[in-house]
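Have a look at the structure below, then the notes.
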Amino acid sequence: MVNQPLFFMRHSFASPSAALKSYIDYYFVFENKTDNPSAIVDVFPTPGTSMVFSFGNKDIHEYTHQGKNQKPSYEFAVDTYVLKKRKFIGRNNFGILVVCFKPWAIHNFIPFHIKEVPGQRIELKDLYPNKMQQLEEKLHHAKADSERIFIIESFLLAILKEKPISQKMLKACSMIKKSVGMMTVCDIAKKVDLSEKQFHRNFTESTGISPKLYSRLERFYFAVTKMKQAQTSLTDIALDSGYFDQAHFIHEFKNFAHITPKEYQKNEKNAFFGHPLNS
């Protein structure tokens, strides 16, 4: 089975309400409402965490063991930092709404620290068992994205517990993003007036991952963005993305995506990407 190109999928973006804009970057909705019996969705590593909410047909499966097997996917889940490419197959008339959080914000909505469960998908029914049935019923009857977002925002506001975030860590996240992960941990620590050890500890506590891994995710995400948007040589993309050389770029790309940059550019560039690029 081949991946369905992006144009077979309805996809849209939406901004959070004023009450949640401090925590959420955007909402991303994708839906398969064509005559195609199924569609494959690739979810690549990104420098962020999310919650996913299914609507429509709930028959969504995740590929496991290098694509040889499938297992049912959770309908409502927390995605901690995705560190390896995932594949999902959804039957006709399925849809997913993704809540894309700011790097530090997921901890305001979950009763655990994501550094304890890196790269995992946690079922929301295990975290909030008394809220999921009502949420599922409301989403089932919703007819438009705006209505779905209102329902999910109501749920998020109900579970919100404000946890302060250091201004130094906000500044650090901004510097890593603006530099596409090219600033060293040592240089960032100096900019926020912390020792390297203090900075590493504070950053991991705030975001759930180390500043070095966060920087690697920013570089990879930027590289994939460039590959999807322009006909640029892989050498130029590697340099623009902050990789030392082509070999470093290939190694990092294979680590996150399970394929080489050349294979991705040739065979999967137009496949649907489960998280939006350059939103």
Side-chain angles (χ1 to χ4, degrees), residues 1-11 28 30 32 34 36-50 52 60-71 73 79-91 94 96 98 100 118-121 176-177 179-182 209 212-279:
M1 183 179 294
V2 297
N3 292 5
Q4 297 296 335
L6 178 61
F7 56 78
F8 282 120
M9 290 274 193
R10 179 185 75 84
H11 65 288
F28 179 53
F30 57 93
N32 178 37
T34 69
N36 295 306
S38 63
I40 294 176
V41 177
D42 286 338
V43 177
F44 278 57
T46 62
T49 57
S50 61
V52 294
I60 302 174
H61 285 68
E62 180 180 358
Y63 285 98
T64 60
H65 304 298
Q66 290 76 49
K68 296 177 182 178
N69 301 312
Q70 295 179 29
K71 68 176 182 180
S73 176
D79 262 342
T80 64
Y81 286 95
V82 176
L83 304 179
K84 301 288 183 181
K85 185 179 76 170
R86 294 172 175 168
K87 279 186 178 289
F88 296 87
I89 181 169
R91 307 303 173 188
F94 83 91
I96 294 178
V98 183
C100 299
Q120 293 188 35
R121 172 166 281 206
I176 292 173
K177 185 175 182 65
S179 70
V180 194
M182 296 185 200
I209 59 174
K212 184 175 181 180
L213 178 54
Y214 185 80
S215 296
R216 288 173 58 203
L217 287 168
E218 282 286 4
R219 283 196 296 272
F220 171 78
Y221 194 65
F222 180 83
V224 177
T225 304
K226 294 278 287 186
M227 292 168 74
K228 291 185 79 73
Q229 291 179 343
Q231 293 295 328
T232 307
S233 74
L234 292 177
T235 300
D236 288 341
I237 289 172
L239 292 174
D240 290 345
S241 304
Y243 294 102
F244 302 127
D245 51 35
Q246 192 79 348
H248 182 213
F249 178 41
I250 293 170
H251 179 269
E252 280 287 271
F253 201 94
K254 285 183 69 176
N255 180 68
F256 286 129
H258 301 303
I259 56 175
T260 67
K262 188 174 182 179
E263 288 171 333
Y264 174 79
Q265 197 172 51
K266 181 179 179 180
N267 301 317
E268 297 194 24
K269 181 180 175 181
N270 294 319
F272 189 74
F273 190 87
H275 286 267
L277 291 167
N278 208 28
S279 62

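Just so it is clear, the values below take in all heavy atoms, side chains as well, and ignore hydrogens, waters and symmetry mates.
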task = For L83 and L213, run side-chain contact (heavy atoms from CB on, under 4.5 Å): C-alpha distance rounded to whole Å, both residues' side-chain angles, the deciding distance at 0.1 Å, then the answer.
result = CA-CA 9 Å; L83 304 179; L213 178 54; 4.0 Å; yes
inquiry  = What I'd like to find out is whether the side chain of L217 reaches to under 4.5 Å of the side chain of V82, using heavy atoms alone.
reply    = no
ask   = Say you draw a straight line from OG of S241 to CD of E252; how long is it, rounded to the nearest 0.5 Å?
value = 11.0 Å
query = Sequence neighbours excluded, which residues qualify as salt bridge (charged side-chain N to carboxylate O under 4.0 Å, His left out) partners of D240?
reply = K226
task = Kindly check if the number of other-residue, nucleotide or ligand heavy atoms within 6.0 Å of NZ (K84) is above 12?
result = yes
ask   = So, for P45 and Y221, which heavy atoms are closest and what is the spacing to 0.1 Å?
value = O-CD1, 4.0 Å
NZ-OG distance between K177 and S215, expressed to the nearest 0.5 angstrom = 12.0 Å
query = Can you tell me how far the CG atom of L234 sits from the CG atom of L239, to the nearest 0.5 Å?
reply = 11.0 Å
query = By ring-ring contact (aromatic ring centres under 6.0 Å, His included), which residues pair with F94, not counting sequence neighbours?
reply = none
Separation between CD of Q246 and CD1 of I237, rounded to the nearest 0.5 Å = 9.0 Å
query = For P47 and Y214, which heavy atoms make the closest approach, and how far apart are they?
reply = O-CE1, 3.7 Å
remark   = Rounded to the nearest 0.5 Å, the NE2 atom of H251 sits from the CG atom of D245 at a distance of 11.5 Å
message = Measuring from atom NZ of K85 to atom NE2 of H258, what distance do you get when rounded to the nearest 0.5 angstrom?
response = 7.0 Å
query = Can you say whether the rings of H248 and Y243 are parallel (under 30°), tilted (30 to 60°) or perpendicular (over 60°)?
reply = perpendicular
note = When Y264, F253, Y81 are each screened for ring-ring contact (aromatic ring centres under 6.0 Å, His included) with F44, the one that passes is Y264
ask   = Has the side chain of T80 got a donor or acceptor atom that lies under 3.5 Å from a matching backbone atom of Q120?
value = yes
ask   = Between the side chain of R219 and the main-chain N/O of G181, is any donor-acceptor distance below 3.5 Å?
value = yes
task = Just do the side-chain contact (heavy atoms from CB on, under 4.5 Å) check on S73 and R121 with the steps written out, would you?
result = CA-CA 9 Å; S73 176; R121 172 166 281 206; 3.1 Å; yes
